[in-house]
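Following: one structure in structure tokens, then a few remarks.
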Amino acid sequence: MRRPADLASHVAALPRGVAGFDLSWLALPALTVTFGLQLLRLMVPTILSVERDRLGAPVPALALFAFGVMLLGFLGAPLERVLGSRRLLAVTAAGVGLVRLALQLIPDAMVRWLVAPLGVVLFVWFVPAYLGATRGTKAGHRFGVALLVGLALDTALQGLFMSWDYAWRIDAVTVALALALAGGQLAALRGLLADRAVAARPSGAAPWALPLLVGVGPALFLEALVLQNIGWQAVIGHRTEARAFLLVMVANLAGIAAGAAVTATRRPPWPVIAAQLLGLGIAVAQLRERPLVALLLGQVNVAALLVMIVCCAASPGDRPTVRSVSARTHASWALGMLLFMLLVFVYYVGFQRVLPFDNQALLPAAAVPLAMAGIGARLAMRPAVLERGRVLQATIALGLVLLVAPAGGWSPARSPMHAPGRGFPVRVLSYNLHFGYDVAGWSDLEAVAHAVEGSGAEVVAVQEVSRGWYVDGATDMLAWLRHRLHMPYAAFGAAADALWGSAILSRQPILASGVEPLPSEDPLRHESLPRRQGAGWAHVDQRSYVWARIDLGGGQTVRVIATHLHHIDRGEGDDGSLLRLAQARRLLAAWDHGVATVVMGDFNAHPDWPEITLMRRSGLQDAWVAAGGPPAAELTHPSDHPAERVDYIWLSPDLRAGDFSATTGTASDHRGIAVTISR
């Protein structure tokens, strides 16, 4: 059996009469785009997990680093003048593939934080170099379709690993996959460069068509946060993860078909353009209210506009010089990628800082430059070579192949590990997951799963759970943990937005559940701001609690309340404690002296602070005290050198506690705490 890399090389080397046609035009840009998207998704989280959390850099330093990487993209034009578009294409494509492969072999987050930006810069240089080397050829004309295939392939790979990027897993399977993909990319690069038509004679382009590439960056922002986001469709659409993955891939197939259709049209009529813009407008207006409609309409119309923009930029022109074309191409593409990073940065800063506008407005706002670029592309578009027959068939066939990815990606969570129906005792665990990143900045959900399994817990409350945030690698942590831990029952409590918050996982059925907001300002000092529910304003410190009534069997139930109180900020004086006092009062009201109740989570407060004193005086039992927990299990943060106690499990007076323990690893910056409860 041939290895994937050998097979790709073999196909690329076949004569046209045997292979039918060379697929290098599709494989090279598609795989390079896939690698580029993965490198972006590696760079952004490590800026937070390493530069911010590990090194303690302030927000301005994070922005300077991220934007500085994108600004290096503007150096592509002088490099192309020195090397030529053909050599720059070879250097950047090979560089992106090799950097991505190297990162699969490097188990150090600090090194990844430094190396991933190199791959991102090479990717930003690659696209203009590819267009420069293939302008006026079929390979250049088809780049838009290859871009869509790269987006779909990236999502398929994420879905196959249950949304946790395989870049964070270093084992035989993932290394072999990275080797096969990199080998296929390098083979495709060799095949494309062997085509004499590529860069045989430099050609110009329409001078005002090239700036339209700026619209691609905002389109990628929409793709990353919504259209390719499996977690978004699962959470906002209230669907299972498997169905969400299937729907996203169906939308990708529809988008690839729409993009391929654009390449078969000399000049789309204006009614078609108007329909595309209308569809895009409906999609961004219905992102939360009708996520499935938004997904299908958005993917089809974004894909069509992207292909039209790229086809326009890749078409030959008459007047501009090659140097002018190179400068315009690199500048417009680099500006679009800088805009992508700006949109991502501002969107997520909106959950940490008060902005003069609702950060949700950035999603429809990103559609504006894309729409403008699409209109400009239609105005500048020249009659192009029609793509018929096997080329269109190949793209659609590949889309159908990618469509089968959901079959192997998500499998139903297995049944509980033990026979149900025994009732009390039950073991519970509270664990702040730190977005799934350990103290070194490495995304290690497998270590989290080992810690939970080691605790023996059957009911788990977790905080800082991301269900698709791009800055956390777009991982649906709750879905991944449900499947990995064989805990089929879960309740999620959204906090900052619908994709971030706290959750309860259980091996036993959840009879009822809900989520309620906590005060976002101290009511004695400040006026609270309304909570965002899909639209409107929200305070950056919005927190919530999630509750669930769990059937333990034998007619016995337990009520679990999980929360994450306001975080501690240096220099905030007493305001943080006052806010947590208000939040603690809300929790006690939710408990309301009910029986068989467990309240647990990250309280961000020391044992002698007023908010904890309030909890203790309410009649709730501190599980560590009630169970006679060992001193070594008291301190919970930071996990590598525990110095403070901020995580708690509280029990109603009718419950008894025993066998209190804390996790010992550093899979998160917190230690998890567990206790066995009985009646």
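Remember, it's a predicted structure, so these values are computed and weren't measured experimentally.
Minimum heavy-atom separation, Asn604 to Trp609: O-CZ3, 3.9 Å. Scanning both residues, Arg616 and Pro607, for their nearest heavy atoms gives NH2-O, 3.2 Å. Taking every heavy atom of both residues into account, Ser49 and Gly441 meet most closely at OG-O, 3.0 Å. The minimum heavy-atom distance linking Ser639 with Gly665 is given by the pair CB-O, 3.8 Å. Taking each heavy atom of Gly601 and Gln463 in turn, the nearest pair found is CA-NE2, 3.5 Å. When all heavy atoms of Asp108 and Trp442 are compared, the pair lying nearest together is N-CZ3, 3.5 Å.
In this structure, the side chain of Gln233 does not engage the main chain of Val226 through any donor-acceptor pair within 3.5 Å. The backbone N or O of Gly231 lies less than 3.5 Å from a partner atom in the side chain of Asn229, making a donor-acceptor pair. Of the possible polar contacts, none joining the Arg507 side chain to the Tyr489 backbone as a donor-acceptor pair under 3.5 Å is found. No donor-acceptor pair under 3.5 Å is formed between the side chain of Arg580 and the backbone N or O of Ala605. A donor-acceptor pair under 3.5 Å is formed between the side chain of Thr174 and the backbone N or O of Arg169. A donor-acceptor pair under 3.5 Å is absent between the side-chain atoms of Ser544 and the main chain of Val515, judged by distance alone. Remark: the backbone N or O of Asp640 is not paired with any side-chain donor or acceptor of Thr666 at under 3.5 angstrom. At least one donor-acceptor pair under 3.5 Å links the side chain of Thr46 to the backbone N or O of Leu42. Side chain of Asp659 to backbone of Thr676: no donor-acceptor contact under 3.5 angstrom is found. The backbone N or O of Pro630 lies less than 3.5 Å from a partner atom in the side chain of Trp624, making a donor-acceptor pair.
Side-chain contact between Phe221 and Tyr470 is absent, with no heavy-atom pair separated by less than 4.5 Å. Counting only heavy atoms from C-beta outward, the side chains of Pro45 and Tyr437 approach each other to under 4.5 Å. Between Pro291 and Arg239, some side-chain heavy-atom pair lies under the 4.5 Å cut-off. His566 is listed as a side-chain neighbour of Gln583, based on a closest heavy-atom distance under 4.5 Å. Val428 has its side chain within reach of Val675: a pair of non-hydrogen atoms, C-beta onward, lies under 4.5 Å apart. Between Leu614 and Leu581, the closest side-chain pair of non-hydrogen atoms falls below 4.5 Å. Counting heavy atoms from C-beta on, the side chains of Met615 and Phe603 come closer than 4.5 Å. Counting only heavy atoms from C-beta outward, the side chains of Arg41 and Asp154 approach each other to under 4.5 Å.
Between Tyr648 and Trp650, the ring centre distance stays below 6.0 Å. Outside the 6.0 Å centre-distance limit, the rings of Trp168 and Phe161 are not counted as a close aromatic pair.
With values rounded to the nearest 0.5 angstrom, Tyr347 atom OH is found 5.0 Å from Asp497 atom CG. Rounded to the nearest 0.5 angstrom, Leu655 CG and Thr597 OG1 are separated by 7.5 Å. From Leu37, atom CG reaches atom CG of Asp165 across 10.5 Å, with rounding to the nearest 0.5 Å. In this structure, CE on Met43 lies 14.5 Å from CD on Gln38, to the nearest 0.5 angstrom. To the nearest 0.5 angstrom, Leu499 atom CG is 5.0 Å from Ile236 atom CD1. If you take CG on Leu565 and CG on Leu587, they are separated by 6.0 Å, rounding to the nearest 0.5 Å.
In this view, Trp591 and His593 satisfy the ring-ring contact (aromatic ring centres under 6.0 Å, His included) rule, not counting sequence neighbours. With sequence neighbours excluded, the residues that form a salt bridge (Lys or Arg N to Asp or Glu O under 4.0 Å) with Asp622 are Arg645.
For Arg467 and Phe492, the positive end sits near the middle of the six-membered ring, less than 6.0 Å away and at most 45° from its axis.
A parallel orientation is assigned to the rings of Trp500 and Trp469, their planes being inclined by less than 30° (bins at 30° and 60°). A tilted orientation is assigned to the rings of His637 and His670, their planes being inclined by 30° to 60°.
The residue from Asp669, Asp647, Thr663, Asp602 that alone fulfils the side chain to side chain donor-acceptor pair (under 3.5 Å) condition with Thr636 is Asp647. Checking each of Val560, Val598, Ile677 against Val426 for a side chain to side chain contact (heavy atoms under 4.5 Å, CB included) leaves exactly one that passes, namely Ile677.
Judged by distance alone, the side chains of Thr155 and Gln228 do bring a donor and an acceptor atom under 3.5 Å apart.
Remark: Glu516 does not engage Arg543 in a salt bridge, criterion side-chain N to carboxylate O under 4.0 Å. Between Glu634 and Arg671 there is no salt bridge, since no side-chain nitrogen of the basic residue lies less than 4.0 Å from a carboxylate oxygen of the acidic one.
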- Task: Determine, stepwise, if the pair Leu588 / Leu620 fulfils side-chain contact (heavy atoms from CB on, under 4.5 Å).
- Result: CA-CA 9 Å; Leu588 293 176; Leu620 289 172; 3.8 Å; yes

- Decide side-chain contact (heavy atoms from CB on, under 4.5 Å) for Trp113 and Leu55; before the verdict, give the C-alpha distance in whole Å, the side-chain angles of both, and the deciding distance to 0.1 Å. CA-CA 12 Å; Trp113 170 59; Leu55 302 180; 3.8 Å; yes

- Task: Run the numbers on Arg422 and Glu458 for salt bridge (Lys or Arg N to Asp or Glu O under 4.0 Å), then give the verdict.
- Result: CA-CA 12 Å; Arg422 66 174 190 173; Glu458 302 156 85; 2.6 Å; yes

- Query: What do the steps show when you test Arg679 against Asp654 for side-chain contact (heavy atoms from CB on, under 4.5 Å), and what is the final call?
  - Reply: CA-CA 6 Å; Arg679 299 192 74 173; Asp654 59 306; 3.0 Å; yes

- Query: When you look at Arg427 and Ser661, which way does the side-chain hydrogen bond (donor to acceptor under 3.5 Å, both in side chains) test go after all the steps?
  - Reply: CA-CA 11 Å; Arg427 191 159 178 80; Ser661 65; 2.8 Å; yes

- Are Leu179 and Gln104 close enough, and set up right, to give a side-chain contact (heavy atoms from CB on, under 4.5 Å), and what steps lead you there? CA-CA 9 Å; Leu179 281 169; Gln104 193 66 48; over 6 Å; no

Distance-only donor-acceptor pairs under 3.5 Å for side chains of residues 547-557, two or more places apart:
residue, atom, partner, partner atom, Å
Asp551, OD1, Gly553, N, 2.9
Gln556, OE1, Phe424, N, 2.8

